[in-house]
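Everything below concerns the one structure shown next.
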Amino acid sequence: MSVKAFELVPAVERDQLMGDKARINIECVECCGKHLYVGTNDCFIYHFLLEEQTSAKGRPAYVTQKLLHKYLGLKKPVVELRAASALERLIILCDGTITVVDMVTLETVPVGGAKIKGVAAFCVNENPVTGDPFCVEMAVVSSRRRAVQIFSVHEDRVQMLKEVATPEQPVAVSLDGYFLCLALPAQYMILNYKTGASQDLFPYDCEERKPIVKRIGREEFLLAAPGGLGMFANAEGISQRAPVKWSESVIAAAVCYPYVVALDEGFVTVHSMLDQQLKQTLAFRDGHLLQDFEGKVVLASTKAVYVLVPMPLERQIQDLLAGHRVEEALILTEGAQRNIPKDKFQILHRRILQQAGFVQFGQLQFLEAKEHFRKGQLDVRELISLYPLLLPASSSFTRCHPPLHEFADLNHLAQGDPEKVQRCKRFLISYLREERTSDGVNGFREDVDTALLKLYAELGHESLLDLLASENACLLSDCAPWLEKHQKYFALGLLYHYNSQDAAALQLWVRVVNGDLQDSTRSDLFEYVVDFLSFCPKPDLVWKYADWALQKDQKIGVQIFTKRPISDDETAGKLNPDDVITYLQKHSQALLLYLEHLVLDQRVQKEKFHTHLAVLYTDRVLSLISRSTATEEQLSSAREKLQRLLRESHLYRVQLILGKIQDSDVLLLERATLHGKLEEHETALHILVHQLKDSPAAEDYCSWASASHDHTYRQRLFHLLLGVYLDPDVPGGPQTVAAVDLLNRHADTFDAVRVLELLPDTWSLPLLRPFLCGALRASVHASRTSQVALGLARAENLQLQHDRLKYRGGPIFVSEKKGCRLCHSTFSDPDCVCLPGGTPVHTHCATQRIRDSPTKRRLDHASNHT
Amino acid sequence: MIIKYSVVVSPSLKANQRQVTTTMPESTKMKKPDVKIVILGDMNVGKTSLLHRYTERKFKDTISTVGGAFFLKQWGPYNISIWDTAGREQFHGLGSMYCRGAAAVILTYDVTNWQSLAELEDRFLSLTDTASTDCIFAIVGNKADLTDPHAQAATSGGGQADAELGGVQTQPLPACPTPPASPLLNKQVSKEDAMALYGRVLRYKGLEEKTSPPAEKMCFETSAKTGYNVDMLFETLFDMVLPSILKKRREGENSTVDLEESRGSKRTKAGCCA
Ligand SMILES: Nc1nc2c(ncn2[C@@H]2O[C@H](COP(=O)(O)OP(=O)(O)O)[C@@H](O)[C@H]2O)c(=O)[nH]1
Ligand SMILES: [Mg+2]
């Protein structure tokens, strides 16, 4: 059977009631706390005291003690018994009449007024509308009239409150608030006795089958429906739960949340109201009565009384989980929410969710498992601990007790199936990854990250490096042996680095590069190490491994130095270039690259470096020249570099280089450049024109050498070149063609007058036509431009004068009749000076006054001549 | 006797139905539905199969529905309860209970069975008297796969969607792949017949044809077996009942809103007098 929700426990045995009198039967029962009342067909009421006990085997049991029995004196069966415990009264229906007796003495209590006679059935309102706790509301069905009467029962009186007519004679009744739920002969209906509004529910033949009208909660009823259905209906006549399926012969139903218990001729059935499913069936012969009293379900045959004791909820849930019935377990748990204090429920709910997750995990239903772990806020280490060796040895974690699952570890769970183990591992990876991004793991990041790292390493997962390269809490002591075991040396190096143990990282990587250890993670590990060193803030490490790197490959190795920032001081891991250069002496290629880096890329303005580089370039060129095997290309590219440096740098020691190449008859261009640097232009041009015989080079030289100078300098150089061309005292005589070309090409650079004076008279005019035209045009252009400038300057001057007059105000009048304010004599000529305020005085008086005054500030103002 | 129960709700059957609850969002387990849709029709027309196809994305053997069952569907922020009813005479009396307050009713017949259409009018239409006044009606001819070749290929709700069930290990679907063109049966009910019935339903309910959804939109031919038109049917209805959800919610809020408003207007009046 699916769930053991209830246990059937005997409460009153046959010999405690009727002994061996065969014709005496139980008619009705009432249970109120420990008090059990039984009514029989021979008009007796029995009062028992039930003591619940737990038997030696841990099963519930009852010890029953008979307190009293009383004959009601009517010779008719006792039909119904209802306790009103607050009033200490028992309401009895016998022979169509309602009587009230004392609960303890069973003596009839006089209640005044007319007797309530002709009663077919009655029920008590469990959701009373009057607020009076010492008053019980009761609905009474008359056996003679089509009506229901509402009474209030007090300690000493019974009072009719209302009578409502019904369309038919009711057969059974149930009451909740103002809502009467009635079984009429052919149908059920809801009747609001306050407003009189009614709502038909559905047809039911009460003649054929005994109706059931059972209040199950606020404004909700459970009704026997055709076909043995248990239908739910609320006060509005709407069914909000799917029906449960009973047998056609159902006799009675009771509710013990979340279960509906029903009795038929041979069985007690238990359905869940949460999912309408049948949960338990108990064989029970001669069932007669089934009623619930405040959570206690009492079951009676005609001869004996039993109690259906609900099993503890947690036990039921655990049974379901043990049967892997996760959804049902969760529904049952969630259904209990309203019966359990909030905090307790939360703890229970979480635990069940976690357990459910593990059940599903065991079935490799990872999606569901994950959802339940999440919702149950599972301590992720519970999951990790299933995987052997993943938790760090130092972890303080111990599995929760009682255990959340039945698995010893992953191998147990997978039963040796490697496929399953793999799937579980992949699941854990995805779970941990998601978990890391949530704040759930705050307390134990180390455990999570370490486990993740181990999984990555073991499975060769690509995210291993990402994990190590980002912020992580992997425990070095625990991870290092693991990574070694799986030959993840590169990753281990990263981990060392993350833990500020760069020395260990480098040592490891160097061994991998050297082939002492095998790890193919990175084929470019050497480059990586070089790069790493170039950023390494510890100079001692850099120096330690630089030799190794340079020996391996100077070109790449030198990046240790070229990639790091230049600095004079060694703070913050920066290296002094001088030290580097000294160090690199043994590695010529690297040295060259380093100097190029300093001079050409970084543009460090230091003579030493520039000279050093120039010397290295020169040496290289010279060695190529002297070497017969050198190709044209090698030489020209080497010279190219040298020439560029010589031209562009201003810092190297020119004489030194010049000394080196003085004797070479190949490096003429270089020599010319060096002379140019020394401003020895004539020599330079001489070399270019007469030795190198390269007039374009000579022209370029002039342009280059005058590039940062003014026009006159440029003109001087070009005249020099012209002079060199026209020089008759050289072997081969003047180079007329070159001179003509030069003139014609750079007409505007030359001083035409000087050129004309220089040129031999024999030259024809057409030859120089471009030059002359150009010169003329330039001259005219210059003249016109200066005229325009002159005009503009004049205009500006005029404008300024105009402005000045405007600002100074009107004219100053000076006449022979006016006197000077300083000497009081009259003006004889218009020369005068204005004092501040515009008063004219003699020029000499003003001068005098300024000279005398202690402060000579006013001098500035005294210059207004009119 | 006990065997009788276990046929209905034996634990093993329940275990197979686990997927229902798996695909069902957690929140719907306990939530009160916002709106109700009821499927009516004679027994064996395929009501249970239709609901099953929609909710579980597959077609499997059904057992005759006992009483009724329902499924909660989360549609956007709303919970829609879909009630499957029993077509058997025995449970007929429960029909009006199920229909009470329904926002939509799906009247289902079997396209190979003329009588099943006739029954809708004779027996089931009157059950909808208790439905909401603005109830929407759909007429659905199921088992179209038996008569129409194009309904033999799944267009929606097909078994392809199994992957969505996540880690649940589903059995291979026995009947899902299109059968090799099974001999077609005689179609006893044409779409025109269904549309004519729709018109009579509107008349019965006293609804204007002009203001009601048109017959072309509300008459479907479906196949629970292949999934043909099944998603279309339910999703069309879900979209159409949205206004009635909103209305219901508004009515729920209205009382408080009214109080606020009346207080507000009083204050304004006082302000005027001052
Ligand atoms: N060929 C075919 N058979 C169907 C279809 N839908 C249901 N059936 C079959 O019809 C029978 C009755 O289906 P069921 O869903 O129980 O009908 P209900 O009584 O209306 O709930 C079952 O044997 C189903 O296999 C369909 O679309 N095509
Ligand atoms: Mg069905």
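Keep in mind that what you see is a predicted model, and the values were worked out from it rather than measured.
- A side chain to side chain contact (heavy atoms under 4.5 Å, CB included) with B:V105 is found for one member of B:I39, B:T128, B:I37 and no other, namely B:T128.
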Inset, instruction - Any chance you could lay out the salt bridge (Lys or Arg N to Asp or Glu O under 4.0 Å) test for B:D134 and B:K247, step after step, and finish with the verdict? - result: CA-CA 11 Å; B:D134 53 1; B:K247 192 176 139 208; 3.4 Å; yes
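- Two rings, from A:H372 and A:F358, have their centers 6.0 Å or more apart.
- In this structure, A:F6 has its ring center closer than 6.0 angstrom to the ring center of A:Y259.
- For A:Y188, no part lies under 4.5 angstrom from a heavy atom of chain B.
- When each of B:L94, B:T130, B:D84 is scored by its heavy-atom pairs under 4.5 Å with chain A, the top score falls to B:L94.
- If you measure heavy-atom distances from A:L229 to chain B, the contacts under 4.5 Å come from the side chain alone.
- Between chain B and the residues A:P226, A:G323, A:S239, A:P203, the largest count of heavy-atom pairs under 4.5 Å involves A:S239.
- Contact of A:Q199 with chain B is made through the side chain alone, with heavy-atom distances under 4.5 Å.
- Side-chain atoms of B:R100 never come within 3.5 Å of backbone atoms of A:I238 as a donor-acceptor pair (strictly under, hydrogens ignored).
- Your options are A:G227, A:A233, A:G230, A:A283, and the one with the most heavy-atom pairs under 4.5 Å with chain B is A:G227.
- With a 4.5 Å cut-off on non-hydrogen atoms, B:F70 touches chain A through its backbone and its side chain both.
- For A:F361 and A:F427, the ring centers are positioned less than 6.0 Å apart.
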